[in-house]
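Below: the structure, in structure tokens.
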2 protein chains.
Amino acid sequence: MAHLTSAEAADLLERFRHYLREHRLPVTQQRDLIATAIFTAPDHLTAAAVHQRLARQGKRIGIATVYRTLDLLVESGLIRLHEFGDGFRRYEGAAPQGSHGHLVCGVCGGVEEFTNERLERMLPIIADEHHFRYRTHRVELHGTCRACQQRTLEGL
Amino acid sequence: MAHLTSAEAADLLERFRHYLREHRLPVTQQRDLIATAIFTAPDHLTAAAVHQRLARQGKRIGIATVYRTLDLLVESGLIRLHEFGDGFRRYEGAAPQGSHGHLVCGVCGGVEEFTNERLERMLPIIADEHHFRYRTHRVELHGTCRACQQRTLEGL
DNA sequence: ATTTTTGCAAACGGTTTGCAATTAC
DNA sequence: GTAATTGCAAACCGTTTGCAAAAAT
């Protein structure tokens, strides 16, 4: 999600702790830090990016712990996993209010977000038409972002 | 694509050969075989599946060649790459007439396809609204397929 | 005190690459 | 005949796992 407010991040962290207690799992420093790193990130992070982000704050956490905690966060539904086709798994905090689509630029590899109410309303209906029980969706539009279009026009 | 007709497969193969000649690249037996394996497959194949499919026909082709040719096919736009989140890249022949979405079952891992005209019309418009030059899209609906819903009801 | 997590390093598995032999043109 | 591909095996790299030490309950 494009930069959650600190209140939203705090809420997600509290929900993660609740999830852990509910499942009789220890609430550790590492889990708090990893969850917070994702909830406060402005964009979609890879596992390595989470690890670096924490290292830059002086928090040395094993990469294995990062992966294990990311799994927990995905299972709890508090973060979402994406694979945009470049071989990296990326994670982002789950939006409290709803989902969004992604605009993936084939030139610079950047990913922007968009929301569209009509689309959001449509997708569960389509699932239903195919007797498929809807849980969530993923919409990616691939093409060229505005900046790269202009860069191409300028002949660089 | 859910089983292209042999005419459609033949057309795609001819377009692949044309693409190769256009780029001054040799048309080899291996490239023909790999392309045909995908174009005639009933579903989404992994690189390993393509390799096995050919091996079963007595065609021993190196897995590296499979990967290299899949890259060419993706670049040529004649096949599409998907990553449904299980760690495998899957490939399918590009539909001559248009795209389709995927229904990904979280229980059995199966993938069904659907088409929806209204959705197809909508997506390029959404891209445009965000000043994004549309090339293609990917829509996945995640949930539970019909068969797994029934299996759950039966209490298995 | 018991149970689970953590962190390291090694293993894993899909994908990519270097290079000599082969094939396409 | 020249230039590119092929196939093998090794390398690569993101991710997972085994296990002893450390932390949470």
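To find a chain, count down the sequence lines: A is the first, B the second, and so on, and within it residues start at 1. Model, not experiment: these values are computed from the prediction.
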Could you label the plane-to-plane angle of the B/F114 and A/H130 rings as parallel, tilted or perpendicular, counting under 30° as parallel and over 60° as perpendicular? tilted

Parallel, tilted or perpendicular: which one describes the rings of A/F16 and A/Y19, with boundaries at 30° and 60°? parallel

What's the [atom1]-[atom2] distance between [X] and [N], to the nearest Å?
X     : N      : atom1 : atom2 : result
A/L70 : C/dT6  : CG    : P     : 12 Å
B/I63 : D/dT5  : CD1   : C1'   : 16 Å
B/H51 : C/dG14 : NE2   : P     : 13 Å
A/L72 : D/dT16 : CG    : C1'   : 14 Å
A/L20 : C/dT4  : CG    : P     : 14 Å
A/L33 : D/dA24 : CG    : P     : 12 Å
A/D71 : C/dT5  : CG    : P     : 12 Å
A/D86 : C/dT16 : CG    : C1'   : 16 Å

Looking only at the side chain of [X] (C-beta and beyond, no hydrogens), which of the listed nucleotides [options] gets closest?
X     : options               : value
A/A64 : C/dA9, C/dG14, D/dG7  : C/dA9
B/R31 : C/dT15, C/dG7, D/dT6  : D/dT6
A/L25 : C/dA24, C/dG7, C/dT4  : C/dT4
B/T28 : C/dT6, D/dT17, D/dT5  : D/dT5
A/R89 : D/dT16, C/dT15, C/dG7 : D/dT16
A/V27 : C/dA9, C/dT6, D/dT25  : D/dT25
B/Y67 : D/dT6, C/dT5, C/dT16  : C/dT16
A/Q30 : D/dT15, C/dA24, C/dG7 : C/dG7
B/R68 : C/dA24, C/dC8, D/dT6  : D/dT6
B/F88 : C/dG14, C/dT6, C/dT4  : C/dG14

Between atom CZ of B/R138 and atom CD of A/E140, what is the distance when rounded to the nearest 0.5 Å? 5.5 Å

Just verifying a value: how many Å separate B/F84 CZ and B/H142 NE2, rounded to the nearest 0.5 Å? 8.0 Å

Can you check whether B/L123 reaches B/V139 side chain to side chain, under 4.5 Å on heavy atoms? yes

Could you tell me whether B/I61 contacts a base, only the sugar-phosphate backbone, or nothing, with contacts defined as non-hydrogen atoms closer than 4.0 Å? sugar-phosphate

Could you pick out which residue, B/R21 or A/R24, lies toward the 5' side of DNA chain C when each is mapped onto its nearest nucleotide? A/R24

Could you see if B/V104 belongs to whatever hydrophobic cluster contains A/Y134? Use Ile, Leu, Val, Met, Phe, Trp, Tyr and a side-chain cutoff under 4.5 Å. no

Could you check B/P26 against B/G62 and say which one's nearest nucleotide on DNA chain D is further toward the 5' end? B/P26

